[in-house]
Amino acid sequence: GKGVNSLNGGFAVGSPAFANLTDNIRYLKSRGVESYVRLMWGKSLFTAKTPEAQAAFRAAYIKKIKPFVEAWKGLVACYPIGNEENQYRFIGRKDPVDPPFFKQSYREAVIAVSEAIHAIDPKARTAVTSALFDFGWTEEYLKNGLAGVLDEVSVHIYRETDPLGSYPEK
């Protein structure tokens, strides 16, 4: 329903929507199903172009997700952080390269959020996702410091966009 994918719009810890989702997560866990709750961060990560703006974004974002992770401690198996950030370099650009600020700010944001989640719920896993099999992007970011922080990497396959489900390697 509306608000389930968002921390905005009335979906707050203690709200009826939160209680309903928590009951569903608890029920699924009792049946042996692991729940993954994606932590979307919206446009701010991509538009905060100074180190100060990025630091402010990270702090505000962690403050926003903290009550949810605390409430779901022991219930949620994995928190994918963001969604398909490898696509950002293709949006509205002729030259598919990451903007200069993005690599460092993305790395710092993922590390800070992953560490915050692990501090609250050490058994919860954290992950990032990429669209299609973008091996070059994934490998670069894992080598850039995320390999020692993340527990999982997820790949979203879209057959309608590419029959092979991959980007050509460079």
Side-chain angles (χ1 to χ4, degrees), residues 1-89 91 98-99 101-131 137-138 141-142 144-156:
K2 184 175 180 173
V4 171
N5 291 321
S6 173
L7 300 181
N8 300 317
F11 189 73
V13 172
S15 71
F18 176 82
N20 185 44
L21 180 57
T22 302
D23 287 344
N24 284 315
I25 292 170
R26 195 173 279 118
Y27 171 77
L28 290 169
K29 183 171 181 163
S30 76
R31 305 285 297 187
V33 177
E34 290 188 333
S35 294
Y36 282 53
V37 174
R38 180 171 316 287
L39 302 172
M40 301 296 286
W41 41 34
K43 229 174 168 178
S44 299
L45 176 67
F46 309 115
T47 58
K49 296 184 181 183
T50 67
E52 297 79 19
Q54 284 293 323
F57 167 79
R58 285 192 303 274
Y61 181 76
I62 290 169
K63 183 179 179 183
K64 189 178 229 184
I65 67 164
K66 187 176 178 182
F68 292 88
V69 178
E70 288 171 341
W72 288 327
K73 182 176 180 179
L75 290 176
V76 172
C78 185
Y79 291 95
I81 302 167
N83 187 41
E84 300 180 352
E85 276 72 26
N86 65 311
Q87 291 289 352
Y88 178 68
R89 62 189 169 150
I91 297 170
D98 296 331
F101 72 92
F102 184 72
K103 288 181 183 180
Q104 187 65 22
S105 58
Y106 176 71
R107 176 188 170 280
E108 290 173 359
V110 169
I111 289 171
V113 172
S114 185
E115 288 175 349
I117 291 167
H118 286 131
I120 296 166
D121 189 351
K123 292 183 180 179
R125 299 184 310 270
T126 57
V128 292
T129 61
S130 70
W137 180 87
T138 304
Y141 280 93
L142 290 174
N144 192 25
L146 298 186
V149 175
L150 297 168
D151 303 294
E152 298 180 12
V153 174
S154 171
V155 176
H156 296 166

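What you are looking at is a predicted structure, and each value in this text was computed from that prediction instead of being measured.
- Side-chain contact check for Val153 versus Leu146: every heavy-atom pair is 4.5 Å or farther apart.
- The closest side-chain heavy-atom distance from His118 to Val149 is not below 4.5 Å.
- Using modelled atom types and a 3.5 Å distance limit, the side chains of Tyr36 and Glu152 yield a donor-acceptor pair.
- For the pair Arg107 (side chain) and Asn144 (backbone), a donor-acceptor distance under 3.5 Å is present.
- The aromatic rings of Tyr61 and Phe57 sit parallel, their planes meeting at an angle under 30°, below the 60° perpendicular limit.
- Note that CD1 of Ile111 is 10.5 Å distant from OH of Tyr106, once rounded to the nearest 0.5 Å.
- Within the 4.5 Å cutoff, the side chain of Asp121 has no heavy atoms near those of the Trp72 side chain.
- Side-chain contact between Arg58 and Lys63 is absent, with no heavy-atom pair separated by less than 4.5 Å.
- Looking at Thr22 and Arg26, their side chains come closer than 4.5 Å, going by heavy atoms from C-beta outward.
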Problem - Working for side-chain contact (heavy atoms from CB on, under 4.5 Å), residues Val37 and Ile25 - result: CA-CA 10 Å; Val37 174; Ile25 292 170; 4.2 Å; yes
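- Expressed to the nearest 0.5 Å, how far CD1 of Ile117 lies from OG1 of Thr126 amounts to 6.0 Å.
- Of all the heavy atoms in Ile62 and Ala112, the pair that sits closest is CD1-O, 3.7 Å.
- Between the side chain of Lys123 and the backbone N or O of Val76, no donor-acceptor pair lies under 3.5 Å.
- Looking at Ser35 and Leu75, their side chains never come closer than 4.5 Å, going by heavy atoms from C-beta outward.
- Note that OH of Tyr79 and CG of Leu150 are 15.5 Å apart. Values are rounded to the nearest 0.5 Å.
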